Amino acid sequence: MPEGPSIVILTEQTREFAGRTILRAEGDAKIDTSRLLGERVRALRSWGKHFLIELDGFSVRIHFLLFGSYRINGRKDAVPRLSLGFSKGELNFYACSVQYVEGELLRTYDWAGDVMSDAWDARQALAKLRAMPDTLACDAVLDQAVFAGAGNIIKNEVLFRIRLHPLSRIGALPATRLRELVKEVRQYSFDFLAWKKAGVLKENWLAHTKTVCPRCAIPFSMGKLGKTRRRSFWCERCQKRYGD
DNA sequence: TGGTTTGTTGCAGC
DNA sequence: AGCTGCAACAAACC
C-alpha cells in the first residue's frame, strides 16, 4: 500500500466521491471527527505517500505507513481508524495515521517534489540533491523532501536499473549520473503504477527481495544501509560505487 | 509458526 | 545542538 503510485491508484478509485457530502464520520483516530459532518469533498489528491481529502479550508491527511489499508464501499473485520459515510457510498481506513491539514492544499504542499505529480520538477530535485553532497544514494532516494512518494521498493529498483551502488555519495556523482538518478526515480514510479494496476508489480522486480543478480548472475548483496537502515539489495559487480 | 516489512514519529542518550 | 538508534505502532505475507 504505502508507496506513492499506490496512493495515486487510491485517488483514482475514489474520484467519484468528489462533490459528495460527509453525513457520518467516526473511528478511533485522534482527531475530532465531528468537524467533518456536513463537509463537502472538494477533491481527492495524493502527495507522495499522503492521501488527501480536500474540504473547504482544510483537508484530511491519511498516511498508511507500513500496515495501513482501506475499503471503498466495503468494510473489513477491524475497527476503522476513520470511517466516512456519504450521501452515497462510504470510505473506510484502517491502521493509518489521520491528521487535519489547515489551509489550502495547493499552497501548503510542495507539488514539484511529488514524483507522481504533473508539477514534478526534476531541476528542483537536482538542486536539492546538490545541497546534500554527503548523503548516500540509498538515503537520498528515500528522502521525502526530494522524492515524495519514493519508498524502499522504488529505491532498490532504481539503483539497480541505473547501475548505481547504494553507498555512493551524492556529491561524488558525475552530473550525468545525478540527472539519470532523478529521471529514473520518476520513470520507475510510473512503471510501478502501471504494473501495480496490472497486478504484476512483484513479477517485474529485478532487485528488491532478490538473491541473484539478473544481469551477471552473482549473488546479490543485502544489508540495512545508510541512516535510514532500510533493506538494500544490490550487485557489487554491476552497480558502480562513487565516493568513499 | 514466527520473522519480516512497500513507513514515520518521538524520544533517550550521547 | 544535532545526530543516531531504538521503540512504538499494528497487519499481511511467506
Side-chain angles (χ1 to χ4, degrees), chain A residues 1-11 13 27-31 46-52 60-71 74-83 92-101 109-110 113-116 131-161 166-167 169-170 184-211 220-234:
Chain A
M1 189 53 233
E3 299 196 38
S6 299
I7 308 302
V8 169
I9 290 171
L10 172 55
T11 64
Q13 290 173 334
D28 65 3
K30 288 171 282 189
I31 57 164
S46 66
W47 179 87
K49 299 165 189 168
H50 297 190
F51 176 60
L52 299 160
V60 180
R61 192 210 84 169
I62 294 175
H63 197 307
F64 292 94
L65 294 103
L66 217 44
F67 309 122
S69 61
Y70 63 87
R71 292 290 185 275
R75 297 182 181 195
K76 57 189 281 190
D77 187 21
V79 176
R81 185 61 35 87
L82 181 65
S83 177
N92 294 299
F93 303 97
Y94 306 89
C96 52
S97 161
V98 181
Q99 291 178 23
Y100 287 130
V101 179
Y109 273 87
D110 171 22
D114 174 8
V115 298
M116 301 304 295
M132 44 195 277
D134 293 329
T135 302
L136 302 178
C138 58
D139 288 332
V141 176
L142 292 175
D143 189 334
Q144 300 299 293
V146 182
F147 299 110
N152 209 36
I153 295 170
I154 291 173
K155 175 195 80 179
N156 284 316
E157 293 300 306
V158 164
L159 294 178
F160 179 74
R161 280 160 64 132
L167 293 175
R169 269 184 69 250
I170 290 298
E184 191 62 29
V185 172
R186 167 116 166 144
Q187 177 58 52
Y188 180 75
S189 296
F190 280 89
D191 290 346
F192 182 124
L193 174 65
W195 286 328
K196 178 100 182 173
K197 283 180 176 176
V200 294
L201 179 63
K202 283 186 189 179
E203 294 90 316
N204 282 284
W205 286 348
L206 298 177
H208 189 70
T209 72
K210 300 299 179 181
T211 56
F220 260 130
S221 301
M222 196 271 273
K224 298 193 171 186
L225 306 183
K227 290 177 181 172
T228 47
R229 310 304 297 168
R230 302 295 303 280
R231 285 195 308 171
S232 283
F233 299 84
W234 74 97

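First the proteins, then the strands, lettered A, B, ... as listed; each starts at 1. Quantities reported herein were computed from a predicted structural model and do not represent experimental measurements.
- Annotation: side-chain hydrogen bond (donor to acceptor under 3.5 Å, both in side chains) contacts of A:Arg169 (sequence neighbours excluded): A:Asp134.
- For A:Lys224, counting side-chain heavy atoms from C-beta on, the closest listed nucleotide (B:dT5, B:dT8, B:dT6) is B:dT5.
- Residues satisfying the side-chain hydrogen bond (donor to acceptor under 3.5 Å, both in side chains) test with A:Gln99, not counting sequence neighbours, are none.
- In summary, A:Asp191 and A:Arg186 do not engage in a salt bridge, as defined by a charged side-chain N under 4.0 Å from a carboxylate O.
- Checking the phosphate oxygens (OP1, OP2) of B:dT8, a side-chain nitrogen or oxygen of A:Lys49 falls inside 4.0 Å.
- DNA chain C contains the following stems of three or more consecutive Watson-Crick or G-U pairs, with both distances under 3.5 Å: B:2-5 with C:11-14, B:7-14 with C:2-9.
- Contacts classified as ring-ring contact (aromatic ring centres under 6.0 Å, His included) and involving residues 141-160 of chain A (residues at least two apart or in different chains) are given here: A:Phe160-A:Phe220.
- Judged as a side chain to side chain contact (heavy atoms under 4.5 Å, CB included), and not counting sequence neighbours, the contacts of A:Asp28 are A:Val79, A:Arg81.
- Residue pairs meeting the salt bridge (charged side-chain N to carboxylate O under 4.0 Å, His left out) criterion with at least one member in residues 137-158 of chain A, sequence neighbours excluded, do not occur.
- Shown here are the side-chain hydrogen bond (donor to acceptor under 3.5 Å, both in side chains) partners of A:Lys197, two or more places apart in sequence or in another chain: A:Glu12.
- Near DNA chain B, defined here as any heavy-atom distance below 4.0 Å, there are no residues from residues 134-143 of chain A.
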Checklist outcome for this item: A correct 5'-to-3' footprint of nucleotides 9-14 of chain B, with B, S and - meaning base, sugar-phosphate only and no protein heavy atom under 4.0 Å, is ------
I'd like a list of close polar pairs between nucleotides 3-5 of chain C and the protein, N/O only, cut-off under 3.5 Å.
none

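- The side-chain hydrogen bond (donor to acceptor under 3.5 Å, both in side chains) test applied to A:Tyr94 returns no partner, not counting sequence neighbours.
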Taking N or O atoms only and anything under 3.5 Å, show me the protein contacts with nucleotides 10-14 of chain C, one pair per line.
unit_1: C:dA10; atom_1: OP1; unit_2: A:Arg81; atom_2: NH2; d: 3.0
unit_1: C:dA12; atom_1: OP1; unit_2: A:Lys76; atom_2: NZ; d: 2.7

